[in-house]
Amino acid sequence: MNRARVLSHLLSRAPPGTPLAAARTFIYGGTRGKASAPPPPTALAAEPFLNGSSSNYVEEMYTAWLQDPKSVHQSWDTFFRNASAGAAPGTAYTAPPSLAEPTPHHVPLSSIAPAMATSPMVGDVQISDKVIDDHLAVQGIIRAYQIRGHSIASLDPLGINTVDPSQGRQLVVRNYMNRFSEEDMERSFKLPMSTYVGGKEGQLPLKEIIKRLENAYCRSIGVEFMFINSLEQCNWIRQKFESPGVMTMDSLEKRLLLARLTRSHGFEAFLARKFSSEKRFGLEGCEILIPAMKQVIDRSTSLGVESFVMGMPHRGRLNVLANVCRKPLEHIFTQFAGLESADEGSGDVKYHLGTYQERLNRVTNKNIRLAIVANPSHLEACDPVVQGKTRAEQFYHGDSEGKKVLSILLHGDAAFSGQGIVYETFHLSELPEYTTHGTIHIVVNNQIGFTTDPRMSRSSPYCTDVARVVNAPIFHVNADDPEAVMHVCNVAADWRSTFHKDVVIDLVCYRRNGHNEIDEPMFTQPLMYTRIRKLKPVIELYADKLINEGVVTPEEVKEVKDKYEKILETAFVEAKQETQVFNKHWIDSPWSGFFEGKDPLKISPTGVHEDTLKHIGKKFSSAPPNASDFVIHRGIQRILNSRMEMVESRTADWALGEAMAFGSLLKEGTHVRLSGQDVERGTFSHRHHVLHHQKVDKSQYNALANLYRDQAPYTVCNSSLSEYAVLGFELGFSMTNPNALVIWEAQFGDFNNTAQCIIDQFISSGQSKWIRQSGLVLLLPHGMEGMGPEHSSARLERFLQMTSDDPDVLPPFSDDFAIRQLSDINWIVANCSTPASYFHILRRQIALPFRKPLIIMTPKSLLRLPEARSSFDEMIEGTEFQRMYPEAGPASNNPANVKRLIFCSGRVYYDLVQARKEAGLEEKIAIARVEQIAPFPYDLVMKECAKYADAELVWSQEEHKNMGAWSYIQPRIATAMNHERHISSERVKIARDSEDQSWYEYWFPWFFPSSGPPEPESPAPSQVHVASKPKRPVRYAGRPVSASTATGNKKTHIRESKQLLEDSLAL
Ligand SMILES: Cc1ncc(C[n+]2csc(CCOP(=O)(O)OP(=O)(O)O)c2C)c(N)n1
Ligand SMILES: [Mg+2]
C-alpha cells in the first residue's frame, strides 16, 4: 500500500476517539476529563486532516513507521499494519488510547491490537494504557511547542507583550501536562522523529525535554513554521532551532558582532550630535539591524551570492547606506548641508536615495555588489521594483536558480501589515517568470507606526502574518538579544539558499525617539516611552555581557568606539569642504557602457529590411515545426491562415505589426519581455503568442521565441492579477538592462490606476528624482467603444498632465528638434493609429541613445479594423515613426479650399474619416492624426496649420472634455499659433542670415523664393498673411465634461458618438 493510500485510508476511516482523533487532540488541544465528543459525520468528513500541520503529523508517523515500525507508538504501529493489510472501514482502529481521563467509553489496551495482548512488554517497559498515553502526551507536548511556542517567547525588549511565565506553559501545552506529576518530570521518554532536542540521545527525562523545547521556542526567538506543508522543510527548521548548541558563537564572532553594533550605534549618535534638528529617521532601538543585515550578507556570500538588491523604507536608511553598503560617509554628510546640486535632476530627500556599491566582503574575501533601490515616501512601494530588478539581474547573469543574486526587503511593522502591495509582491514570489527564488524579509518591528499602536493598526496577531500566504517561515526575535538575532539571520540565509523560498526575520524592537527626531512621542505613547527611557541601549547590554563573559575588556570596547568616532569625524570635516552635491552619486542602477560613445542626439533607424518582415511574418503565421504532433485549435489555425495572407499581401494588422517590432528587435539581440494579465493570448484574443497543444497539457509553442537560431530570448508571461506589483516589477526589470524592451500591458487601460503609485512616484518622476532612466513601455487599451465607465479610458489626461514640457514654451527649432524634445521630457505619451506607427515607436525605444518611459494608448476595435492595417512600405528600411500623420487625401491637394483642419488622435480618426466621406467633405476638411501626443510635435502641427492657413482649427476627441488630450493640446496649439505670429519677417530674416536657414526653408518654403518653387502640396500663403495673422484659436469638438469616464448606456454612447462627429464636421 502506498503512502497516499494509507493516508487516505486514515482520513476516510478515522472515527472519533481513535489515535487519529487523539492526534487531533494533540494538535488542537482537548478538554481533560472528557472524551472528545464525536463530531457529527459531516463534520468528520470535513475535517481537514490533509491540510496544514495535522497532516504533517500523520505523515510523520507514517514515514517513521515505514522506516522502523518500532519508532512509533504501538497504537500507530497497529493501525498502520491493519490499514496496510486493507482492514475494512472502521476496523483498523479498535481501541482508542485516549489522552483524556478514562471515561465510560474507555477502551482497554488489549483491544488496540491483538498483537499487544500477547506482547505487553516493549523493552523493559510494561505496556499499559498509561505508558502509551504518556508517550502520546509527550509527543503532543513537543508538537505544541513547535506550533505555539512562539506565542510565549520573550520577544519584546519593552516587556509590554510578554506573557506571564506562570501561565505561559499552559498556553502552549494546554492540557497535555496535566497528567504528569512532579515525579513524572524525571521519567525518561522516547523522543519521536519529529524533534531534534535530544541531539544524539534517543530519550530524555520529561523535565529536560521541556527545558530544551523552551530554550528552542520560547526564549528570544519565536519560530512560526508549522503551517508549512512540506515535511522536509519543517524538519529542516526544527533541526536548526532544536539541536543542542545551535546558538553557540565563538569569541571572534562575538567580537565582530560587538564591533558592528558599535558602528550602528555610533553612527546614529554622531548624526544626533552633529545634526540635532534634522530628520533622519534614526535606527535607535533597532541598532541590531546593521549586524543582522551584515550577517545575512556574509552568510549568503559564503553560500555563493554575489549581488544583493535591497529595498527599504526610511527607518535606519542612512545607517544602512553607511554601514552595510559602505557608501562614502562624506556623501552622506553632504546631504545634510543643504548644498546646491551640481548635476541634472531635482533630487530627493536623503532618506529616499538609492545607491550602488561594489566592494570586498571581508568576512568571506569575495567581491560583492550591493544596491539599495531608491524609493519614494510611499511605504513598501519599492518591494516589487526590487523584485523586478533582482529577477532581471538573475536573468541576464544566467542565474536561473537565484544562487548569485539575492533580494533583501526591509519593512516597518505597520507598513508590512498595512500595505496591500506587500501581499501582492509575495504572490509574485513563486511565479515562474517573476520569482527571485526567495527573498529575505527583515521587519524593523518597533511596535509602532508613527503614532499608532499595533492594536489600532492591524487585525492579525503578528505584523508578519501576511507572509504565511506563501508558507514563508517567520522568525520573530528579540532585538535586544544580538546573538539570537545572528542565529536567525544565519538560518534565514541557509533557508533561502536551500529551498529558494521567502523567509521573514521579525526584529522585535522599539523606537527610542519619536517617529522622527523632531517628534515628541510622549504625546501619544506616554507609558511606552516612560519605559523606553529606562532602557539601556543594546550596545551597552551586549558590551556588558561580553565583558562579563571575558570575551572583551572595557578598554577594548572603548577603543572600538573611539576608532569609529574618529572615522566619522574625519569624514565630517571632509564633507564640510564640499560646495556641491552630486545626484549621480546616488544612482542605484548604473548602466556601465551604455551611454559611452553614443551620439546623444541620434536615433538609429527603425525601418527594417523587407526580408526580415517577411521572415518574421511567416514564422508568426505558421504552426509549430512539428505541426503534425502539435494539435492546435481550429480557430487559431484560421487566425494563422489570415496572418499568412496578410504577409503575402505585404500588410500587417496590429498583432503582426507588434510581432514584427518584437521579432526584429529579437533578431538584433534585444531581449523583449511582455508581461501583464493575459498577455500571452491578449485580452482581445488578437495576439496569440503562445499556442497550446489541444491534447497535451502544458505543451506550448511560442513562435517569436523561435524565429532565428541566434536571436535574443523572448519572454511573454501572463502575470498575477495585480497592477501595482506587476508594473513595479517590470519597472525594476527595465532598470537593470537598457538593452531590453520591457513592456507591461494593462488588461484594460483603466486598471492602471491601481498602480498609480508606481506611475506617479517612479515612472513619471524617476529620472528627475534619482537620475534613473527606464525605457519601460506601458500598453494601455483605450477607446470609447460603448463598454461602460471602466473599460473605456486609460486616463490619457493624467499621463499628459504629468509630462514635464512647458505648454507655454516652444522649444527652439533645429534639425534635431524631435530627439531633443524626447531627451528633455520625462516620458513619451502616444496614441498610435496604425500598426506601422506602433511598430516604429516600439523599435524607437531601443533606437534612442537614452531611455524614456513610453505610454501608449492601444486600440481595441482597431485591432481588427481593415482600414487600420499598414503596408510593409511603411515599415521597411528608410521609413520611421511618424509623430503626426498629416492629411494625405484630396484636401491636401488644394489647401486653400480647406475650411477646417481637424487634429485628432487614435481611433476616432477612422470614425471622422468615414463620416467625412459620407458627408462629401473630403475636399473641405483636412484631418491630421497626432500619433505622439507628448512631446508635442510642434513642428509638424505648425507645418500643417501653415499649409491650411485659412482653415478653422478643431481638436476632435471621443473622450469627455475634461479628459483625453484636450487640456494638453489646447495650450500647445495656442503656443504654436502665437509662435506662428512671431515667425514674422524679422525672425525669418534672422533665420535667413543664420545657420538654421535650411530648417526654416524646409518648413516655411514660401518665405524663401530663392529656394525654388514651393512643394506642390503646400502652396505658399503670402508672407504678409502668415506674419500678420492673428492667433488662430482651436475649437473643441467632442463629448461634454463628465464625472464618469463613459456612459454605461449603449444608446447614450451612440448618441454621444454621433454628436461628436457632427460637431467636428458640421461646416
Ligand atoms: C503609503 C504611505 N502611507 C503613509 C505614509 C506616512 N508614514 C510615514 S512613516 C509611517 C509609519 C510607518 O510605520 P512603520 O511601518 O511601523 O515604520 P516605522 O516608522 O515605525 O519604522 C507613516 C504612516 C507613508 N510614508 N506611506
Ligand atoms: Mg514601526
Side-chain angles (χ1 to χ4, degrees), residues 155-158 160-161 264 268 279-290 292-293 310-320 348-353 372-385 409-425 441-467 476-479 504-521 523-525 528-529 532 724-725 728 753-762 765 769:
L155 300 177
D156 180 10
L158 298 178
I160 295 174
N161 294 317
S264 176
E268 298 297 349
K279 275 198 221 172
R280 71 190 142 85
F281 296 102
L283 197 51
E284 292 97 329
C286 194
E287 289 93 339
I288 197 64
L289 176 70
I290 302 301
M293 290 179 77
M310 296 178 273
M312 68 175 299
H314 51 288
R315 180 79 51 216
R317 193 174 177 106
L318 298 176
N319 207 330
V320 171
D348 201 347
V349 291
K350 49 192 167 294
Y351 38 84
H352 289 166
L353 296 172
I372 296 208
V373 170
N375 64 287
S377 197
H378 292 58
L379 293 164
E380 306 289 346
C382 69
D383 296 2
V385 181
L409 284 180
L410 270 58
H411 313 269
D413 54 319
F416 199 47
S417 60
Q419 290 291 311
I421 187 62
V422 174
Y423 177 88
E424 294 184 33
T425 307
H441 300 264
I442 305 179
V443 185
V444 173
N445 179 0
N446 52 22
Q447 310 182 71
I448 191 165
F450 209 149
T451 65
T452 304
D453 294 326
R455 70 198 160 90
M456 306 307 271
S457 78
R458 65 171 190 258
S459 297
S460 60
Y462 291 107
C463 63
T464 52
D465 285 335
V466 61
H476 309 281
V477 58
N478 187 323
V504 179
I505 299 169
D506 177 22
L507 297 175
V508 188
C509 56
Y510 58 91
R511 192 186 69 193
R512 183 166 289 278
N513 302 316
H515 175 58
N516 62 57
E517 291 63 33
I518 303 151
D519 265 348
E520 172 51 83
F523 288 162
T524 50
Q525 272 74 26
M528 183 190 223
Y529 274 82
I532 288 174
Y724 192 172
N753 57 15
T754 70
Q756 198 66 52
C757 175
I758 298 294
I759 294 168
D760 291 6
Q761 265 63 40
F762 292 85
S765 52
K769 291 194 288 190

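Read the numbers this way: they start at 1 and go in the same order the structure lists the ligands and their atoms. Values below: every heavy atom of this structure, side chains too, minus hydrogens, waters and symmetry copies.
- Each of the following atoms of ligand 1 lies closer than 4.0 Å to a heavy atom of Ala414: 13 (O), 14 (P), 15 (O), 16 (O).
- Ranked by closest heavy atom to atom 3 (N) of ligand 1, the top entry among Arg511, His378, Gln419 is Gln419.
- For atom 21 (O) of ligand 1, the closest non-hydrogen atom of the protein is Arg315 NE, 2.9 Å.
- Looking only at heavy atoms of the protein, atom 13 (O) of ligand 1 is closest to Gly449 CA, 3.3 Å.
- Heavy atoms of His515 approach ligand 1 to within less than 4.0 angstrom.
- Here the heavy atom of the protein found nearest to atom 17 (O) of ligand 1 is Gly412 CA, 3.7 Å.
- Nearest to atom 15 (O) of ligand 1 among the protein's heavy atoms is Ala415 N, 2.9 Å.
- At least one N/O-N/O distance between Leu379 and ligand 1 falls below 3.5 Å.
- The one candidate from Val443, Leu409, Leu379 that meets the side chain to side chain contact (heavy atoms under 4.5 Å, CB included) condition with Phe416 is Val443.
- Residues Asp465 and Arg458 have side chains not in contact (no heavy-atom distance under 4.5 Å, counting atoms from C-beta outward).
- Protein heavy atom at the shortest distance from atom 23 (C) of ligand 1 is Phe450 CD1, 4.1 Å.
- Residue contacts with ligand 1, taken as heavy atom pairs separated by less than 4.0 Å, involve His314 solely via side-chain atoms from C-beta onward.
- Not one N/O/S atom of Gln447, from backbone or side chain, sits under 2.8 Å from the Mg ion (ligand 2).
- Using 4.0 Å as the threshold, Glu380 has no heavy atom nearer than that to any atom of ligand 1.
- Residue contact check for ligand 1: His411 places no non-hydrogen atom closer than 4.0 Å to it.
- Taking the N/O/S atoms of Asp413 in turn, the shortest distance to the Mg ion (ligand 2) belongs to OD1.
- Taking backbone and side chain together, Gly449 holds no N, O or S atom under 2.8 Å from the Mg ion (ligand 2).
- Considering only non-hydrogen protein atoms, atom 16 (O) of ligand 1 sits nearest to Asp413 OD1, 2.5 Å.
- Residue Ile448 places at least one N or O, backbone or side chain, under 3.5 Å from an N or O of ligand 1.
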